[in-house]
Chemist: 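Encoded as structure tokens, here's the structure I'll be asking about.
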Amino acid sequence: MPTKTEVVILGAGPCGLFQVFELGLLGIRTHVVDSLPEVGGQCAKLYPDKPIYDIPAIPVCSATELIDRLQEQLKPFAPVMHLGETVTALEPLADGRFDLHTSNDTRFDAGAVVLATGLGAFQPRKLRIRGAEAFEGGAIRYHVSDVNEFADKRILILGGGDSALDWTLELMNIARSITLLHRRADYRAQPASVSTMKSLVDGVKLREYHATVRGIFRNDNGSFAGIEAFDPDGTTLHLEADIVLVFFGLSPNLGPVAEWGLGIEKKHIVVDTENFQTNIPGIFAIGDISTYPGKKKLILSGFHEAALAAFGVQSHLYPERKVRLQYTTTSKTMHERLGVATTK
């Protein structure tokens, strides 16, 4: 028999976790489904130590710290987590509810669904050169899990976006040396990061090259030795490295979501900004998967979207109830839901 619940949230990243909190404040319980084996989404999986500076009232925190804080915040609402599962089918029912099936044969009968899946299942864009696959996960990597692994190593970073520049600066005080290789002189990263990087280039601790990757080369024993590249003049560069970090971006795949009849615009779900509902009543979308005029892909924007979506979900589930805005500072009801003592 399916598990009957008020809401199923797809995605346990920052936006999905905050959606649990916002719905909990309104007395609405949730089940959360995520394909990853732990909470945190792509933010924590790909960039666990990356510093975040634009969360209100928190001057700086890592992605891991942000996820830890969000989990602490939503504890009073005890969501049921279904990790390592993917929703493979979603069918609207005659009574306006939804029948959902997961890859682990879990089944839900949900009153509403919130999509907080980012852009679906992200796959890093691979280094497409002969012989690279043999070293993936070892000398060639697509994300940073533990910065301590890079201590006293010669690191070669490929890419010109924010991730490449952020990790170049982040690993400067950890690695023995860093080589940054981008195919052109123009970077897609934040100008401040590019400026800081260029000020640190000294040809020893940090080197910068503009060239196109052509292949790998090996040591006499067959182990990885480095990357071969051609610069604009046709000169061959042999860039030695212990570890190569590849940041060519992520390739999104909406997966089954694309088959559910939702309004899709350039691989994003179109929403109404009043309540972040999609074209299907009862299905809402927040975070990077949603799109609307003026959309900004920021975590703090996703938090705002979760707050408005929560009221939209409440109105959909309980249309007979008057939607009242209550404040956590003064509302006795919310204090009870949060499990905090009220003072007179």
Side-chain angles (χ1 to χ4, degrees), residues 1-24 28-48 63-64 66-68 70-75 77-93 97-124 142-143 145 250-262 264 267-269 276 278 280 282-290 302 305-306 309-310 313 317:
M1 293 293 293
T3 298
K4 193 165 186 177
T5 181
E6 290 174 291
V7 181
V8 171
I9 298 171
L10 278 60
C15 295
L17 296 179
F18 193 64
Q19 186 69 82
V20 171
F21 177 78
E22 287 295 312
L23 288 168
I28 297 172
R29 299 292 178 177
T30 55
H31 284 249
V32 181
V33 180
D34 197 289
S35 60
L36 294 175
E38 63 279 319
V39 300
Q42 306 296 336
C43 176
K45 178 69 174 176
L46 297 178
Y47 314 112
T64 298
L66 177 62
I67 296 303
D68 288 343
L70 286 166
Q71 289 188 89
E72 183 67 26
Q73 186 180 39
L74 61 77
K75 272 185 179 179
F77 308 121
V80 182
M81 294 289 181
H82 304 265
L83 302 176
E85 295 188 53
T86 303
V87 173
T88 55
L90 181 152
E91 293 290 339
L93 301 173
R97 295 177 66 84
F98 300 93
D99 182 22
L100 294 89
H101 296 252
T102 79
S103 54
N104 285 12
D105 292 327
T106 306
R107 189 176 167 193
F108 300 101
D109 175 355
V113 177
V114 179
L115 305 177
T117 57
L119 280 179
F122 280 98
Q123 296 296 327
Y142 297 95
H143 67 273
S145 297
L250 299 170
S251 179
N253 181 2
L254 287 177
V257 175
E259 310 299 323
W260 295 345
L262 297 162
I264 297 177
K267 295 187 178 181
H268 296 71
I269 307 299
F276 289 86
T278 68
I280 299 179
I283 300 182
F284 301 78
I286 64 170
D288 285 355
I289 195 173
S290 70
E305 294 163 9
V313 169
L317 292 176

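What you see is a predicted model; the values in this text were computed from it and never measured. All values below come from the heavy atoms of this structure, side chains included, with hydrogens, waters and symmetry mates left out.
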Chemist: The criterion is salt bridge (Lys or Arg N to Asp or Glu O under 4.0 Å); which residues satisfy it with Glu305, sequence neighbours excluded?
Modeler: Lys295
Chemist: Under a 4.5 Å cut-off applied to non-hydrogen side-chain atoms, are Ile9 and Leu23 in contact?
Modeler: yes
Chemist: Distance from Glu22 atom CD to Ile28 atom CD1, nearest 0.5 Å?
Modeler: 11.0 Å
Chemist: Does any part of the side chain of Val33, heavy atoms only, come nearer than 4.5 Å to the side chain of Phe108, both counted from C-beta?
Modeler: yes
Chemist: Kindly write out the residues that satisfy side chain to side chain contact (heavy atoms under 4.5 Å, CB included) with Glu259, not counting sequence neighbours, or none if the list is empty.
Modeler: none
Chemist: Looking at every heavy atom in both Phe276 and Ala309, which two are closest together, and how far apart are they?
Modeler: CB-CB, 4.1 Å
Chemist: On a heavy-atom basis, which atom in Cys15 and which in Gly287 lie closest, and how many Å separate them?
Modeler: SG-CA, 4.0 Å
Chemist: Can you find a pair of side-chain heavy atoms, one from Leu115 and one from Ile283, that are under 4.5 Å apart?
Modeler: yes
Chemist: Kindly compute the distance separating CG (Leu74) from CD (Glu72), expressed to the nearest 0.5 Å.
Modeler: 9.0 Å
Chemist: For Arg107, what residues pass the salt bridge (Lys or Arg N to Asp or Glu O under 4.0 Å) criterion, not counting sequence neighbours?
Modeler: Asp99
Chemist: Find the distance between CD1 (Ile280) and CG (Leu262) and round it off to the nearest 0.5 Å.
Modeler: 4.5 Å
Chemist: Are the side chains of Leu317 and Glu6 in contact, using a 4.5 Å heavy-atom criterion?
Modeler: yes
Chemist: Using side-chain heavy atoms (C-beta onward) and a distance below 4.5 Å, is Val80 in contact with Thr5?
Modeler: no
Chemist: Anything under 3.5 Å between a donor and an acceptor, one on a side chain of residues 83-92, the other on a protein residue two or more places apart or in another chain? List them.
Modeler:
| residue | atom | partner | partner atom | Å |
| --- | --- | --- | --- | --- |
| Glu85 | OE1 | Thr102 | OG1 | 2.5 |
| Glu85 | OE1 | Thr106 | OG1 | 2.9 |
| Thr88 | OG1 | His101 | O | 3.3 |

Chemist: How long is the span from the CG atom in Leu17 to the CG atom in Asp34, to the nearest 0.5 Å?
Modeler: 8.5 Å
Chemist: State the CG-CD1 distance between Leu10 and Ile286, to the nearest 0.5 angstrom.
Modeler: 11.0 Å
Chemist: So, Thr30 side chain and Val20 main chain: donor-acceptor pair closer than 3.5 Å or not?
Modeler: no
Chemist: For residues Pro256 and Trp260, determine if any side-chain heavy atom of one lies less than 4.5 Å from a side-chain heavy atom of the other.
Modeler: yes
Chemist: Tell me, please, which residues at least two apart from Ala63 pass side chain to side chain contact (heavy atoms under 4.5 Å, CB included).
Modeler: Cys43, Ile52
Chemist: What is the minimum heavy-atom distance between Ala12 and Val32, and which atoms define it?
Modeler: CB-CG1, 3.9 Å
Chemist: Rounded to the nearest 0.5 Å, what separates atom CG in Leu100 from atom NE2 in His31?
Modeler: 11.5 Å
Chemist: Can you sort out the partners of Asp109 under salt bridge (Lys or Arg N to Asp or Glu O under 4.0 Å), two or more places apart, ordered by chain and number?
Modeler: Arg97
